[in-house]
Amino acid sequence: MSIRTNIQDILKELPSHVKLIAVSKLQSEDAILEAYKSGQRIFGENRAQDLQKRFDKLPENIEWHFIGHLQTNKVKYLAPRVAMIHSIDSYRLLQEVDKEARKNGRQIDCLLQMFIAEEESKFGLDEDEALSLLNEPDLPALENIRIKGLMGMATFTDDLQQVRREFRTLRSYFDRFSTIKLPGNVKMEELSIGMSGDYKIAVEEGSTMVRIGSNIFGERNYE
Ligand SMILES: *Cc1c(COP(=O)(O)O)cnc(C)c1O
């Protein structure tokens with residue numbers, strides 16, 4: 001199977017309002033270029049310095065999304081380059097993204113990463129933490145970020161009913177946050193759920209962005 005056919009097969013499964021993010025972490029630049037030549041324009045990376053390197057080298061009309069855990073001291077590598085950060089998990093981090101975006105004269109789209117899995121290891125906010133972030137008195141003054149929705153990762157399990165339940169939990173947060181009074185720089189529009197193993201369920205549960213790596217590129221080359 002080629003990268004081109006893999007992308008075409010996935011696109012056939014996706015309703016037109018669902019964006020495909022090709023997760024290129026740990027893949028070669030040649031593989032990314034092959035996906036690019038098949039028409040793919042949105043790519044996802046989970047290390048700030050990898051995104052920096054690839055942005056600087058690869059075609060400039062690629063839209064780069066950051067999907068990994070982000071430390072505040074790495075935001076400066078992303079700020080001039082990234083289109084969307086899917087992994088905001090604290091107000092402190094959001095303030096840092098705003099500050100660095102302002103230095104670069106940019107506005108950066110962000111998603112709040114919500115904790116929905118049973119695993120201890122996954123990052124993210126719970127419902128109350130997200131609500132208190134959305135109620136921060138100074139949030140409306142962060143003019144260089146826009147919160148566009150939520151992101152989540154389901155438990156890594158074969159139990160697809162559990163995965164579906166976790167996606168529904170996220171969807172219920174999304175619906176609830178949509179009903180509260182939000183500042184002008186916050187809109188509940190995007191729901192970033194679904195990876196190679198569970199994207200069909202995610203689409204059924206309301207995903208607007210799927211993040212797919214191995215189904216496009218094959219196995220990753222961990223060093
Ligand atoms: C690696 C990764 C993906 C893609 O995973 P696949 O199973 O290869 O599709 C999606 N989202 C996040 C946050 C990731 O780290």
Side-chain angles (χ1 to χ4, degrees), residues 1-14 18-28 31-32 34-35 38 40-52 54 62-71 74-75 78 82-90 93 97 109-125 148-160 162-164 166-167 169-171 190-223:
M1 288 298 259
S2 73
I3 288 174
R4 175 185 293 270
T5 4
N6 293 344
I7 290 176
Q8 284 168 347
D9 287 349
I10 293 164
L11 288 176
K12 264 183 245 154
E13 306 275 348
L14 295 181
V18 179
K19 291 191 252 321
L20 172 61
I21 296 157
V23 175
S24 49
K25 65 185 186 195
L26 303 175
Q27 304 293 347
S28 69
I32 297 175
E34 199 180 326
S38 326
Q40 180 64 28
R41 289 293 178 273
I42 312 179
F43 291 86
E45 289 287 332
N46 70 339
R47 296 182 192 169
Q49 275 108 326
D50 289 348
L51 189 149
Q52 173 185 30
R54 291 175 164 193
I62 290 180
E63 191 181 300
W64 292 97
H65 288 217
F66 189 79
I67 61 170
H69 182 62
L70 181 57
Q71 293 166 303
K74 301 281 171 64
V75 172
L78 297 182
V82 75
M84 178 177 264
I85 298 174
H86 290 232
S87 45
I88 298 296
D89 60 0
S90 72
L93 179 60
V97 173
D109 289 341
C110 296
L111 302 177
L112 302 183
Q113 181 170 356
M114 302 297 296
F115 180 84
I116 51 170
E118 274 174 11
E119 292 149 293
E120 294 278 322
S121 61
K122 302 240 156 104
F123 295 101
L125 303 160
K148 306 269 278 188
L150 307 178
M151 178 272 226
M153 282 170 90
T155 305
F156 188 71
T157 171
D158 290 336
D159 182 351
L160 297 181
Q162 181 180 351
V163 169
R164 190 181 292 279
E166 292 172 359
F167 287 156
T169 300
L170 184 62
R171 177 60 198 257
E190 304 287 355
L191 199 51
S192 169
I193 47 172
M195 306 174 27
S196 291
D198 57 22
Y199 74 91
K200 289 178 194 166
I201 299 175
V203 168
E204 287 167 7
E205 297 305 329
S207 175
T208 66
M209 297 181 148
V210 292
R211 313 176 307 269
I212 298 182
S214 28
N215 278 15
I216 295 176
F217 296 108
E219 296 292 300
R220 284 180 280 275
N221 309 302
Y222 291 97
E223 290 107 64

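All ligand and atom numbering here is 1-based and tracks the order in the structure.
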Q) Which residue from Q113, K25, M195 reaches closest to atom 2 (C) of ligand 1 through any of its heavy atoms? A) K25
Q | Any N or O of N215 closer than 3.5 Å to N or O of ligand 1 | A | no
Q | Heteroatom distance test (G213, ligand 1): nitrogen or oxygen, under 3.5 angstrom | A |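 Yes, G213 has an N/O under 3.5 Å of an N/O on ligand 1.
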Q: Kindly write out the residues that satisfy ring-ring contact (aromatic ring centres under 6.0 Å, His included) with F43, not counting sequence neighbours, or none if the list is empty.
A: W64
Q) So which of M195, H65, Q40, M84 actually passes side-chain contact (heavy atoms from CB on, under 4.5 Å) with I21? A)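 Passing option: H65.
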Main-chain N/O of [Y] paired with [X] side-chain donor or acceptor, under 3.5 Å:
X	Y	answer
S28	A31	yes
S87	L70	no
E166	T155	yes

Q. Atoms of ligand 1 less than 4.0 Å from R211 heavy atoms?
A.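 Those qualifying, in numeric order: 4 (C), 9 (O), 10 (C), 11 (N), 12 (C), 13 (C).
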Q | Close-contact set for ligand 1 against I212 heavy atoms, below 4.0 Å | A |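 Contacts of ligand 1 toward I212, numbered from 1: 9 (O).
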